[in-house]
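Right, one structure below, let's go through it.
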Amino acid sequence: MVNITFPDGAKKEFDKGVTALDIAKSISEGLARKVIAANINGEVWDATRPINEDATINLLTWNEPDGKKTFWHSSAHLMAEAVEASFPGVKFWVGPPLDSGGFYYDMDLGDRKLSEEDLVSLEKKMNELAKTNSAYIRKEMPKAEAVQYFTEKGDEYKLDLLSNLNDGEITFYTQGRFTDLCRGPHIPNTGLIKAIKLTSIAGAYWKGDEKNKMLTRVYGITFPTQKELDEYLLMLEEAKKRDHRKLGKELGIFTMDDDVGPGLPLWLPNGTIIIEELEKLAKETEEDADYKRVVTPHIAKESMYITSGHLPYYQDSMYPPMELEGQKYYLKAMNCPHHHKIFAAEPKSYKDLPLRLAEYGTCYRYEQSGELFGLMRVRCLHMNDAHIYCTKEQFAQEFKAVNDMYLKYFKIFGIEKYVMRLSLHDPEKLGQKYVNEPELWIETEELVRNVMIEAKIPFVEVKGEGAFYGPKIDVQIWSAIGREFTLATNQVDFAQGRRFKLEFTTPDNNTDIPLIIHRAPLGTHERFIGFLLEHYAGKFPVWLSPLQVKVLPISDKFMDYAKVVASKLKKSGVRVEVDDRNEKIGKKIRDNELHRVPYMLVIGEKEMNESKVSVRRQGKGDLGMKDLDEFISNIKEEIINRTNE
RNA sequence: GCCGUUGUAGCUCAGUGGUAGAGCACUUCCUUGGUAAGGAAGAGGUCGUGAGUUCAAUUCUCAUCAACGGCUCCA
């Protein structure tokens, strides 16, 4: 007998060799039908795997993340079975579930290419195979036997996987006619997979290394019911409507032009208003925090980027140099070297520190063509940049002050869905991707970690995401279609101060090198506005909205009064236009609702006679008649307070 | 940069080996209408670009550019 402990602490005895599925059945048939896998002593197991020792059990269904993952991983196997049936000789690499939902499988199809039609027929095949209710059968295998199996098959990919596994930890899974080397776990049988959608075909480098062969990756998603698949597809449609590329065009925010070049957005008048509002916010905030503004050129000589160390570490991301008078000049990809030169322009004392130099700097980065993505990833960017030069003693407070500034901004914009990431170096890439100062790395990373812990700001740590000159706190966000980006960043730099020979005189009349904080709480205009478009679904709060009020006369009899209203608003500093088209009021409302104009003022006979306006709020409808002066003072307050509605 | 897909009017999209169509937007006219589309007429495209095949190419082939979905890389 084995003792099974349930999540609520209840204990029960079962025969040795009992499975999670048996246990579920002992509770109810309904539950047993829903069980996907089970957490046994903290490890996710097949629901059909015999339990031979006392254990704690947590039955996993579709409602648990691990249940979903198991479901999708098994779906990947089902897809592989369909692929193998359709394309004999195909070799598989790995087929994991995705945190964001669904799964993929990487495969080597030789010279064959998959088309969209292939996906449709594969889906059909998968549905047929699912209906066979084939069990996923687990089998342990000695390493030698496994190696022999794949050697005979000529499967170099699975042999590569096996080379990292030890004897005794190798398992195979078989469902229907498909057998795969797999750690598992899997769902009990294919019949649980009721709704299948293969979403896309893509190339993916083997082991994620661009030097390796490119495999074919097929993405898909599955659900236990058709309804859930339909809902998922609907959700994708909705997400596409939020896409900043679509909204940016509809709302006249930015445009791209082939003659200007890829990744070089042109900011239209509406977008420029948003830029100017953001800069106003940044300048106010930075002035409050005792930053000093500077302005620097867009280019610099090669020698500066040799000094900074950017050329060895960053050259691939910079536009190639132009040669003038025997000198090479680079377009700047970052503002820091220019700012360091400003620091160095005059001798500094400890009394000058912390020195905070701020600039909305224009930078150019030669991003690889395939990486460009609307406004989120571009080649010309305007960075909410500043560099803080401080002593080691001042560092913690300065770094924390930057974090506080982030949080203050995020509150203004109502940004809640983000992850703070402590981005660390990768010791294996010291000297290549990261300056070769192992002790300084550890020391600085600890410094940053402590600031975060003391500030009680939750964060995750990721190795290999640091800047070449030091660790950083990145704010990670997700675009409407689920792509991850760094929105804002707060970086420590222990390297460039020394490289630029930046010094200050200490109280005891010695010299020391400042620590440098690189920070961009509002990231770049490009990415930030791209993000805001999606965050607000185009419905900017009044203070940010390119057009704040549209005056809608019922007919042109009221045009003169409409113009008086508009001119009063304009004099109060409100961005306003009159809809003077020869259209009915319903049409005017519809068009301005679609353009996300926050306030519409309907003007007719009543309003004209009483010096009033009928206020309509975008997305909310008619708010009723108000005195014009009352409306003006309300909206001005909303603008000044940067009310986030 | 790599793999795949796409490229027709300002936007969304039909379509064809014999020099192109719809809806919306736009212009003009009628209409002067009270909270999400009033009516009519009109204008607008050398079908991404370049070459090839053909009597004939927007349609077939190749190249190239760009966008999109991924991979790699990053604010």
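Lettering follows sequence order; numbering is per chain, from 1. Heavy atoms only: backbone and side chains are in, while hydrogens, waters and symmetry mates are out.
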(request) Determine the interatomic distance between C1' on G15(B) and the same-named atom on U8(B); round to the nearest Å. (result) 9 Å
Contacts satisfying salt bridge (Lys or Arg N to Asp or Glu O under 4.0 Å) that involve residues 550-563 of chain A (not counting sequence neighbours) are K550(A)-E577(A)
Taken in chain and number order and not counting sequence neighbours, the residues that satisfy salt bridge (charged side-chain N to carboxylate O under 4.0 Å, His left out) with E445(A) are none
What pairs of donor and acceptor atoms, side-chain ones from residues 255-264 of chain A against any protein atom, are under 3.5 angstrom apart with sequence neighbours left out?
residue, atom, partner, partner atom, Å
D257(A), OD1, D259(A), N, 2.7

Per nearest nucleotide of RNA chain B, the residue lying toward the 5' end, G374(A) or I603(A), is I603(A)
Subject >> C1' gap between C47(B) and C13(B), integer Å >> reply: 13 Å
Taken to the nearest whole Å, CG/L552(A) to P/A37(B) is 14 Å
message = Would the base of G4(B) count as contacting E116(A) through its side chain, where contact means a donor and an acceptor less than 3.5 Å apart?
response = no
| query | G1(B) and G17(B): how far apart are their C1' atoms, nearest whole angstrom? | reply | 37 Å
At a cut-off of 3.5 Å, list every protein nitrogen or oxygen paired with a nitrogen or oxygen from nucleotides 6-9 of chain B, distance to 0.1 Å.
none

The side chain to side chain contact (heavy atoms under 4.5 Å, CB included) partners of K612(A) (sequence neighbours excluded) come to E610(A), M625(A), D627(A)
Rounded to whole Å, CD of E593(A) lies from P of A36(B) at a distance of 8 Å
Exercise. Tell me what I589(A) touches on the nucleic acid: a base, only sugar-phosphate, or nothing, going by heavy atoms under 4.0 Å.
Key: base
### Y360(A) vs H525(A), ring-ring contact (aromatic ring centres under 6.0 Å, His included): CA-CA, chis, key distance, verdict
CA-CA 9 Å; Y360(A) 245 110; H525(A) 281 322; 4.1 Å; yes
Considering only heavy side-chain atoms of R245(A), the closest of A36(B), G69(B), U32(B) is G69(B)
Taken to the nearest whole Å, CG/D118(A) to P/G4(B) is 13 Å
With F494(A) as partner, the option from F468(A), Y469(A), W441(A) fulfilling ring-ring contact (aromatic ring centres under 6.0 Å, His included) is W441(A)
Scoring nucleotides 70-75 of chain B by protein non-hydrogen atoms under 4.0 Å (B base, S sugar-phosphate only, - none) yields BBBBBB
Work out how far the C1' atom of U35(B) is from that of A40(B), and round it to whole angstrom. 26 Å
If you measure from the P atom in C24(B) to the same atom in G38(B), how many Å do you get, rounded?
11 Å
Under the rule of Watson-Crick or G-U wobble with both distances under 3.5 Å, where | means paired to another strand and [ ] a crossing pair, RNA chain B maps to (((((((..((((....[..)))).(((((.......))))).....(((((..]....))))))))))))....
Rounded to the nearest 0.5 angstrom, the CE-CD1 distance for M304(A) and I299(A) is 10.0 Å
Just to be sure I understand the rule, does S115(A) reach a base, reach only the sugar-phosphate, or reach nothing, if contact means heavy atoms closer than 4.0 Å? nothing
Rounded to whole Å, CG of D579(A) lies from C1' of G33(B) at a distance of 14 Å
Y406(A) vs N490(A), side chain to side chain donor-acceptor pair (under 3.5 Å): CA-CA, chis, key distance, verdict: CA-CA 9 Å; Y406(A) 279 32; N490(A) 188 9; 4.5 Å; no
Taken to the nearest 0.5 Å, the spacing of L487(A) CG from R527(A) CZ works out to 8.0 Å
Using the 3.5 Å cut-off, write out each protein N or O paired with an N or O of nucleotides 25-29 of chain B and the distance between them.
residue, atom, partner, partner atom, Å
A25(B), OP1, K587(A), NZ, 2.4

Quiz prompt | Rounded C1' spacing from A14(B) to G45(B) in Å | solution = 15 Å
Comparing nearest nucleotides in RNA chain B, the 5'-proximal residue of the pair K246(A), K584(A) is K246(A)
Quick note, salt bridge (Lys or Arg N to Asp or Glu O under 4.0 Å) partners involving residues 92-106 of chain A, not counting sequence neighbours, are K69(A)-D99(A), D106(A)-R217(A)
Compare side-chain N and O positions of K249(A) against OP1 and OP2 of G10(B) and report whether any pair is under 4.0 Å apart. no
- Message: So for atom OH, which belongs to Y536(A), do other residues, nucleotides or ligands contribute more than 12 heavy atoms lying within a distance under 6.0 Å?
- Response: yes
Margin query: Keeping D118(A) on the side-chain end and S115(A) on the backbone end, is there a donor-acceptor pair under 3.5 Å?
Written below: yes
L215(A) CG to G4(B) C1', in whole Å, measures 14 Å
message: Below the 4.0 Å mark, does C3(B) have OP1 or OP2 next to a side-chain nitrogen or oxygen of K113(A)?
response: no
Distance between P atoms of A67(B) and G52(B) (Å, rounded)
28 Å
| query | Looking only at atom P, what distance separates A56(B) and A51(B), rounded to whole Å? | reply | 15 Å
Taken to the nearest whole Å, CG/D556(A) to P/G34(B) is 14 Å
Contacts of E279(A) meeting salt bridge (charged side-chain N to carboxylate O under 4.0 Å, His left out) (sequence neighbours excluded), chain-then-number -> K283(A)
R590(A) atom CZ is separated from G38(B) atom C1', nearest whole Å, by 14 Å
Rounded to whole Å, CG of L594(A) lies from C1' of U35(B) at a distance of 14 Å
Exercise for the section: Give one of base, sugar-phosphate or nothing for K606(A), where a contact means two heavy atoms less than 4.0 Å apart. Expected result: base
* Taking the side chain from H535(A) and the backbone from F531(A), do they hold a donor-acceptor pair closer than 3.5 Å? -> no
Residue pairs meeting salt bridge (Lys or Arg N to Asp or Glu O under 4.0 Å), one or both in residues 409-427 of chain A, sequence neighbours left out, come to R421(A)-E465(A), R421(A)-D474(A)
Applying side chain to side chain contact (heavy atoms under 4.5 Å, CB included) to L247(A) and not counting sequence neighbours gives E250(A), L533(A), R596(A)
